[in-house]
Visitor: 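Provided herewith is a single structure, encoded as structure tokens, for subsequent inquiry.
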Amino acid sequence: MPDHALQLIPPPPEGYPRTRETFSGRTGLTFDSLAPAEAAASLTVGLILNPERAIRLMEHHALDSQSPSLAEVIDKLIESTWKKTPPPGYLNAIQDEVDNTVLFDLMSLAADENTATQVRAIATLKTDQPINLNLGWPFN
């Protein structure tokens, strides 16, 4: 969000209820400027790493090697997030939110006992691979 737009959003009045029209946040009464980025990332990454979609990716790749594999999709997702050079300032904080969403959803996919074992294995493998950044994968 542009800085001038952030300055225009006042805190809600005391007792004003949160609705589906408001972003959940972690800053109390003031507007959490990272909440929209977290919500957008959660929606997008959640669909990319959806367990049923992951199984379909594996099936389609097995039937047609030209289709992307689950490992390729996860690699592209990591390349577009964790491996991306972090921008400065506020944009870096947004990038952190997106990166953390990718990590959380990838770990959730790896831990989902209702999905295929091979999907869980690939997701686990991808969380264990270092990214070769200055900081590396968060849990190395």
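In this text the structure is predicted, and so the values were computed from the model without any measurement. In what follows, every heavy atom counts, from backbone to side chain, and hydrogens, waters and symmetry copies are set aside.
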Visitor: Determine the minimum heavy-atom distance between Q95 and S80, stating which atoms define it.
Guide: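 That closest heavy-atom pairing would be NE2-O, 4.4 Å.
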Visitor: Find the distance between CD1 (I48) and CG (L106) and round it off to the nearest 0.5 Å.
Guide: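 Reported to 0.5 Å precision, the distance equals 11.5 Å.
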Visitor: Counting heavy atoms not belonging to Q118, are there more than 12 under 6.0 Å from its CD?
Guide: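 Result for CD/Q118: open.
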Visitor: If we only count heavy atoms from C-beta on, is the P51 to L109 side-chain gap below 4.5 Å?
Guide: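 Heavy-atom side-chain distance check passes, below 4.5 Å.
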Visitor: If you look at every heavy atom in D99 and W82, which pair is closest and at what distance?
Guide: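 It is O-NE1, 2.9 Å.
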Visitor: Just wondering, do T44 and V98 contact through their side chains at under 4.5 Å, heavy atoms?
Guide: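 Contact flag for V98/T44 side chains = no.
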Visitor: Between R53 and L57, is a side-chain contact (heavy atoms from CB on, under 4.5 Å) present by the stated rule, with each step listed?
Guide: CA-CA 6 Å; R53 183 175 187 278; L57 278 170; 3.4 Å; yes
Visitor: Could you check whether any side-chain heavy atom of L34 comes within less than 4.5 Å of a side-chain heavy atom of Y90, counting everything from C-beta outward?
Guide: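 Side-chain contact under 4.5 Å: yes.
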Visitor: Please confirm whether the backbone N or O of S67 pairs with a side-chain atom of H61, one donor and one acceptor, at under 3.5 Å?
Guide: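 Answer holds: yes.
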Visitor: Any side-chain to backbone donor/acceptor pair from S42 onto E38? Under 3.5 Å, distance only.
Guide: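 Answer holds: no.
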Visitor: Where is the tightest heavy-atom contact between N92 and P86, given as atom of each residue plus distance?
Guide: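 Distance-wise, the nearest heavy atoms are OD1-CB, 3.7 Å.
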Visitor: Quick one: CG on D96 to CG on L91, what's the gap to the nearest 0.5 Å?
Guide: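 Separation between the atoms: 11.0 Å.
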Visitor: What is the minimum heavy-atom distance between I55 and A116, and which atoms define it?
Guide: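 Nearest pair, atom of I55 first, then A116: CD1-N, 3.8 Å.
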Visitor: Would you indicate whether the side-chain heavy atoms of T124 and M107 approach each other to under 4.5 Å?
Guide: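 Heavy-atom side-chain distance check fails, nothing below 4.5 Å.
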Visitor: Quick one: CG on L49 to CG on L70, what's the gap to the nearest 0.5 Å?
Guide: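 Going from the CG atom of L49 to the CG atom of L70 covers 8.0 Å.
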Visitor: For V73 and P68, which heavy atoms make the closest approach, and how far apart are they?
Guide: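 Answer, listing the atom of V73 first, then P68: CG2-CB, 4.1 Å.
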Visitor: Under 4.0 Å between a side-chain nitrogen and a carboxylate oxygen: does that hold for D112 and R120?
Guide: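 Not counted as a salt bridge, because no side-chain N and carboxylate O are separated by less than 4.0 Å.
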Visitor: Which atom pair, heavy atoms only, marks the closest approach of I74 to K126?
Guide: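 What the structure gives for the nearest pair is CG2-CG, 3.5 Å.
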